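What you see is a predicted model; the values in this text were computed from it and never measured. Throughout, protein chains are lettered first and strands after them, A, B, ... in sequence-line order, and every chain is numbered starting at 1.
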Amino acid sequence: MMGVGGGIILVPVLTSLLSVPIRVAIGASMFAVVATSSAASAVYVREKLTNLSLGVLFSGLTVLGALLGVLAGITSPSAVIYLVFSFVLLCAAWLMFRRHKGRASPVGSGGFLEQSLRLSGAFEDAATGEIVEYGVRRIPLGALGMVLAGLISGMLGIGGGIFQVPVMDAVMGIPIKAATATSNFMMGITAATGAIAYLVMGYVHPEIAGPVVVGVFLGSGLGARVMPHVRDSRLRCLFIGMLVILAVVMARKGVSS
Amino acid sequence: MTMERIMAGFMRYGAFASIGLTAGGSLLLLMSDPHPIFSVSERACPNLCMSSTGAILTLLGLMMLILVSIGRLLLCSVLFLSQDETHMARISMATVLLVLASALFRLLS
């Protein structure tokens with residue numbers, strides 16, 4: 001409903017309300033992100049909103065970041081993970097409050113890299129019926145942003161879309177619809193990396209991960225149906241408030257543990 | 001049928017099949033009360049069967065979700081190869097290897 005994978009809410013709720021150990025919660029969250037990403041990506045790919053070249057190129061970088069993130073997540077003390085999570089929740093709240101909308105960059109603005117890797121894209125905007133063509137600028141800066149998003153995703157078990165979309169939109173000049181669709185495509189692959197790692201390390205408990213994945217999958221479907229009938233500004237205020245409260249809860253857990 | 005439609009169908013129905021399997025397994029897990037397993041009672045065996053079957057089904061569903069994620073990258077490589085974009089196909093395959101490399105974390109535990 002809010003365009004985020006669900007992990008950003010799921011992990012704090014599992015650890016705070018249900019007293020699930022944080023690494024077990026992260027493992028369950030990774031699978032939930034994979035499930036929601038697969039279903040949503042199917043729609044975006046069919047409607048040709050996803051920039052597959054960019055998605056594949058940046059998936060490699062987010063996966064690399066996720067591998068580093070998983071390593072950081074399993075070697076850091078739980079208190080550090082709680083505190084980093086709290087910081088990330090506050091950043092997400094700030095990004096959602098600010099909601100910068102960048103301008104679409106023209107084709108060819110990315111120079112040699114854009115042309116050689118054929119990263120520019122086009123899609124039909126269903127709202128206006130127009131064909132939107134766009135280029136991809138500041139590719140190296142965007143690539144760095146993707147590695148960082150992957151790192152956070154691998155460490156905390158969140159999808160990373162909350163950071164990927166603003167980077168693609170504001171920094172690289174990709175229209176918000178294409179950015180959201182491409183981020184969704186990448187999210188599942190990034191989360192799958194963490195999911196495999198947490199699975200082989202024994203942090204995925206079927207009795208927790210199973211119901212969580214099914215619940216998040218059904219919830220995201222319901223959210224997509226409810227969203228058009230709810231006022232955007234009210235929903236956004238509610239979500240920002242919830243993120244701030246969860247940030248405080250996670251910080252308290254981090255300090256006390 | 002375009003390659004995008006095949007990929008969309010694979011992701012959509014793959015996700016539904018995985019969720020179905022996970023939901024079935026989770027239901028079995030929830031129905032079986034794991035606590036009496038360790039007590040000597042008549043219910044011990046059926047509960048153990050139900051919970052272990054549930055756990056296996058849930059894990060199979062979760063692993064299928066991972067396969068769907070990796071599968072989309074493999075389909076992307078096929079798409080890029082069909083468009084003569086061999087460098088992008090290589091990047092896609094390299095990403096698959098990177099994803100699979102996460103299984104090496106087992107060595108750390």
* Structure fact -> When rounded to the nearest 0.5 Å, the distance separating NE2 of H205(A) from CG of L59(B) is 10.5 Å
* Asked: What part of T58(B) lies closer than 4.5 angstrom to a heavy atom of chain A: side chain, backbone, both or neither?
  -> side chain
* To do: Mind ranking L98(B), V96(B), L100(B) by heavy-atom pairs under 4.5 Å with chain A and telling me who comes out on top?
  => L98(B)
* **Least distance between heavy atoms, S69(B) atom then I189(A) atom** => O-CG1, 4.0 Å
* Asked: If you tally heavy-atom pairs under 4.5 Å against chain B, which of A40(A), G194(A), G154(A), S41(A) wins?
  -> S41(A)
* Asked: Out of curiosity, R118(A) CZ to M88(B) CE, how far, rounded to the nearest 0.5 Å?
  -> 10.5 Å
* To do: Could you look at T190(A) and say if it's the side chain, the backbone, both or neither that has a heavy atom under 4.5 Å from chain B?
  => neither
* Among L199(A), V63(A), L218(A), residue most engaged with chain B (heavy-atom pairs, under 4.5 Å) -> V63(A)
* Asked: Of the listed residues (H87(B), E85(B), M7(B)), which shares the most heavy-atom pairs with chain A below a 4.5 Å separation?
  -> E85(B)
* Structure fact -> Counting heavy-atom pairs under 4.5 Å with chain A, the top scorer among V68(B), L57(B), I70(B), L73(B) is L73(B)
* Residue part contacting chain B, namely of F185(A), when any heavy atom lies under 4.5 Å -> both
* Residues in residues 53-60 of chain A that sit under 4.5 Å from chain B, counting heavy atoms only -> S53(A), V56(A), L57(A), S59(A), G60(A)
* Go through L104(B), I91(B), L79(B), I19(B) and name the one with the most non-hydrogen pairs under 4.5 angstrom from chain A. => I19(B)
* Would you check, one step at a time, whether the test side-chain contact (heavy atoms from CB on, under 4.5 Å) holds for V45(A) with R72(B)? => CA-CA 11 Å; V45(A) 168; R72(B) 78 177 85 168; over 6 Å; no
* Tell me, for S18(B) versus chain A, whether the close heavy atoms (under 4.5 Å) come from the side chain, the backbone, both or neither. => neither
* Structure fact -> Under 4.5 Å to a heavy atom of chain A? For Y13(B) that would be neither
* Among L61(A), T75(A), L71(A), who wins on heavy-atom pairs under 4.5 Å with chain B? -> L71(A)
* Under 4.5 Å from any heavy atom of chain A - which part of A103(B) -> both
* To do: Under 4.5 Å heavy-atom distance to chain B, tell me which part of F217(A) shows up: side chain, backbone, both or neither.
  => side chain
* To do: Could you tell me the separation between the CD atom of E4(B) and the OG1 atom of T50(A), rounded to the nearest 0.5 Å?
  => 9.0 Å
* Please assess L65(B) against V213(A) for the test side-chain contact (heavy atoms from CB on, under 4.5 Å), listing each intermediate value before the final yes or no. => CA-CA 10 Å; L65(B) 274 175; V213(A) 168; 4.0 Å; yes
* To do: Could you tell me which portion of I74(A) (side chain, backbone, both or neither) has an atom closer than 4.5 angstrom to a non-hydrogen atom of chain B?
  => side chain
